[in-house]
Amino acid sequence: MTYQDRGIKKWQGFFLSEHNEQMDQLQASTKLKWREAMSSECIESVLSAAITHQSSLVIQKKPLNADAFPEPDIIGRISGVDGDIIFIQSNSGVISLSFSSILNIEERKIEKWYK
């Protein structure tokens with residue numbers, strides 16, 4: 001009878017459990033959290049600064065119901081405004097967002113990659 005080594009197969013259970021552990025730690029550290037609600041005046045001032053500086057925004061939308069989890073942030077630049085609707089150009093395309101649906105907004109400065 002010849003002995004055949006299973007190679008990496010015998011270690012798969014070990015690697016899988018370590019991988020799951022690392023993924024759980026990563027998810028715990030990047031879990032989305034609700035940020036503090038901003039007043040409409042603060043939101044307006046951040047929007048006007050972003051238009052003036054042509055900078056990117058990080059927007060968190062208001063929850064649809066009381067026990068909802070936060071949606072991923074909307075990251076992009078303002079491409080247009082039509083009344084109460086703000087159009088954000090993001091990596092995934094243009095997103096339309098009403099002013100009243102914004103919970104928190106931050107202006108993101110663009111880091112220069114050159115010197």
Side-chain angles (χ1 to χ4, degrees):
M1 182 169 139
T2 60
Y3 176 72
Q4 187 176 6
D5 186 21
R6 294 180 294 152
I8 193 74
K9 291 179 184 176
K10 63 184 171 187
W11 296 100
Q12 278 183 330
F14 175 72
F15 290 132
L16 182 62
S17 65
E18 269 197 7
H19 174 72
N20 287 340
E21 208 173 291
Q22 286 177 346
M23 292 303 292
D24 289 342
Q25 289 174 356
L26 180 65
Q27 284 179 347
S29 66
T30 60
K31 195 170 274 189
L32 296 173
K33 298 176 184 167
W34 288 112
R35 293 194 292 271
E36 186 177 337
M38 296 173 72
S39 67
S40 59
E41 293 83 20
C42 289
I43 294 172
E44 283 180 30
S45 68
V46 172
L47 286 172
S48 107
I51 290 171
T52 304
H53 301 135
Q54 296 181 348
S55 58
S56 293
L57 294 169
V58 179
I59 301 170
Q60 186 175 47
K61 292 172 58 175
K62 288 182 180 174
L64 298 176
N65 54 26
D67 58 344
F69 289 105
E71 294 179 26
D73 292 338
I74 299 170
I75 301 171
R77 293 179 178 212
I78 297 175
S79 62
V81 178
D82 184 21
D84 186 33
I85 305 297
I86 302 163
F87 297 97
I88 306 293
Q89 179 68 47
S90 70
N91 290 341
S92 60
V94 177
I95 300 169
S96 61
L97 183 68
S98 70
F99 180 81
S100 59
S101 68
I102 297 173
L103 176 74
N104 188 295
I105 187 168
E106 297 173 7
E107 186 178 8
R108 177 178 281 179
K109 302 291 183 192
I110 299 172
E111 295 181 22
K112 293 182 181 178
W113 54 271
Y114 59 90
K115 294 188 180 202

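Heads up: numbering here begins at 1 and tracks the sequence.
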Query raised in the report: If every non-hydrogen atom of Phe69 is compared with every non-hydrogen atom of Trp34, which pair is closest and at what distance?
Result: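 Minimum heavy-atom separation between Phe69 and Trp34: C-CZ2, 3.6 Å.
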**Report entry** Heavy-atom closest contact (Gln89 atom, Val94 atom, distance)
**Finding:**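 Taking Gln89 first and Val94 second, the nearest heavy atoms are OE1-CG2, 3.0 Å.
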For [Y], is there any backbone N or O sitting under 3.5 Å from a side-chain donor or acceptor partner on [X]?
| X | Y | value |
| --- | --- | --- |
| Ser90 | Gly76 | no |
| Asp82 | Ile85 | no |
| Gln60 | Lys33 | yes |

Query raised in the report: Can you name the residues that form a salt bridge (charged side-chain N to carboxylate O under 4.0 Å, His left out) with Glu107, not counting sequence neighbours?
Result: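 Glu107 satisfies salt bridge (charged side-chain N to carboxylate O under 4.0 Å, His left out) with Lys109 once adjacent residues are dropped.
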Query - Non-neighbouring partners of Ser100 that pass side-chain contact (heavy atoms from CB on, under 4.5 Å), sequence neighbours left out - result: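 Asp84, Ser98.
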Query - Heavy atoms of other groups near Asn91 CG, more than 12 under 6.0 Å - result: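 No.
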Query raised in the report: Who else is in Leu47's hydrophobic cluster (ILVMFWY, side-chain heavy atoms under 4.5 Å, direct or via others)?
Result: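 The other cluster members (ILVMFWY side chains, heavy atoms under 4.5 Å, direct or chained) are Met38, Ile43, Val46, Ile51, Leu57, Ile59, Ile74, Ile78, Val81, Ile86, Ile88, Ile95, Leu97, Phe99, Ile102, Ile105.
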Report task. Salt-bridge test for Arg108 and Asp73: reply yes if a basic N is under 4.0 Å from a carboxylate O, no otherwise. Result ->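 Salt bridge absent between Arg108 and Asp73.
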Requested in this report: Calculate, to the nearest 0.5 Å, the distance between atoms CD and OG belonging to Glu106 and Ser56 respectively.
Outcome: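 Glu106 atom CD to Ser56 atom OG measures 12.5 Å (nearest 0.5 Å).
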